[in-house]
Amino acid sequence: MRITETLRTLRRDEMIDITRQVQSHVQAAGIQSGEVLVYCPHTTAGLTIQENADPDVKHDILLRLDEIYPWEHPGYRHAEGNTAAHLKALTTGTSQLVPIEGGRLALGRWQGIYFCEFDGPRTREYRLRITGDR
């Protein structure tokens with residue numbers, strides 16, 4: 001089963017928890033054992049699995065990414081001016097593969113799936129491919 005979800009980001013840098021939406025699609029697909037591939041088709045956004053209990057974790061991650069990849073740098077040459085967003089997306093990656101067990105995402109107790117915006121605000125999408133046994 002293939003699904004495309006759209007979301008609207010509100011800030012240049014943000015992490016949006018999409019775990020519930022992904023789980024909802026897994027349940028609708030009726031897959032009991034398998035996996036879901038979550039894919040981001042953008043070069044200035046990414047996906048990660050990270051702690052979802054303490055919102056300060058998102059803050060700290062975005063803070064550190066800004067320190068490592070500042071928005072402005074005298075050596076950047078990319079004409080669009082969003083080199084930092086490309087580097088952050090490179091760091092998080094474009095996909096996450098999550099096992100499905102008993103019809104549920106087999107994430108760890110404190111884990112969530114995050115869509116990471118690095119060049120917003122924008123309208124974005126992510127894609128799901130759900131496979132397995134019913």
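If you read the sequence from its start, that first residue is 1, and numbering goes on from there.
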Requested in this report: Supply the atom-to-atom distance Ile61 CD1 to Asp66 CG, rounded to the nearest 0.5 angstrom.
Outcome: 12.5 Å

Query - His86: ring pair (Phe, Tyr, Trp, His ring centres under 6.0 Å) partners, not counting sequence neighbours - result: His78

Query raised in the report: Under a single-linkage rule joining Ile, Leu, Val, Met, Phe, Trp and Tyr whose side-chain heavy atoms are separated by less than 4.5 Å, which residues share a cluster with Val98?
Result: Met1, Ile3, Leu7, Ile16, Ile18, Val22, Val26, Ile31, Val36, Val38, Leu47, Ile49, Ile100, Leu105, Leu107, Ile113, Phe115, Tyr126, Leu128, Ile130

Requested in this report: Quick one: closest heavy-atom pair of Gly46 and Phe118, and the distance?
Outcome: N-CE1, 4.2 Å

Report task. Quick one: closest heavy-atom pair of Pro70 and Ala84, and the distance? Result -> O-CB, 3.4 Å

Report task. For Glu72, check side-chain contact (heavy atoms from CB on, under 4.5 Å) against everything at least two apart and list the hits. Result -> none

Report summary line: Excluding Trp71, membership of its hydrophobic cluster (Ile, Leu, Val, Met, Phe, Trp, Tyr; side-chain heavy atoms within less than 4.5 Å) reads none

Query - side-chain contact (heavy atoms from CB on, under 4.5 Å), paired with Glu117, selected from Asp13, Thr9, Leu10 - result: Thr9

Requested in this report: Mind listing the closest non-hydrogen atom pair of Thr19 and Gly112 along with its distance?
Outcome: OG1-CA, 3.2 Å

Report task. Not counting sequence neighbours, which residues clear salt bridge (Lys or Arg N to Asp or Glu O under 4.0 Å) with Glu125? List them please. Result -> Arg127

Query - side chain to side chain donor-acceptor pair (under 3.5 Å) contacts in which one or both residues fall within residues 43-62, not counting sequence neighbours - result: Thr44-Arg124

**Report entry** side chain to side chain donor-acceptor pair (under 3.5 Å) partners of residues 102-114, not counting sequence neighbours, each pair once
**Finding:** none

Report summary line: Applying ring pair (Phe, Tyr, Trp, His ring centres under 6.0 Å) to Tyr76 and not counting sequence neighbours gives His73

Requested in this report: Return the set of residues passing side-chain contact (heavy atoms from CB on, under 4.5 Å) with Ala106 (not counting sequence neighbours), or none when no residue passes.
Outcome: Pro99, Glu101

**Report entry** Approximate separation, where rounding is to 0.5 Å, of Thr92 OG1 and Met15 CE
**Finding:** 8.5 Å

**Report entry** Euclidean distance, Thr94 OG1 relative to Gln96 CD, rounded to 0.5 Å
**Finding:** 9.0 Å

Requested in this report: Check whether any side-chain heavy atom of Arg77 lies under 4.5 Å from a side-chain heavy atom of Thr83, and answer yes or no.
Outcome: no

Query - Pairs involving residues 23-36, ordered by first then second residue, that meet side chain to side chain donor-acceptor pair (under 3.5 Å) (sequence neighbours left out) - result: Glu5-His25

**Report entry** Contacts of type salt bridge (Lys or Arg N to Asp or Glu O under 4.0 Å), residue Arg8, not counting sequence neighbours
**Finding:** none

Query raised in the report: Minimum heavy-atom separation for Lys88 to Leu65, with atom names?
Result: CE-O, 3.8 Å

**Report entry** Residues clustered with Leu63, ILVMFWY side-chain links under 4.5 angstrom
**Finding:** none

Requested in this report: Indicate the atoms forming the closest heavy-atom contact of Ala45 with Ala89, along with that distance.
Outcome: O-CB, 3.4 Å

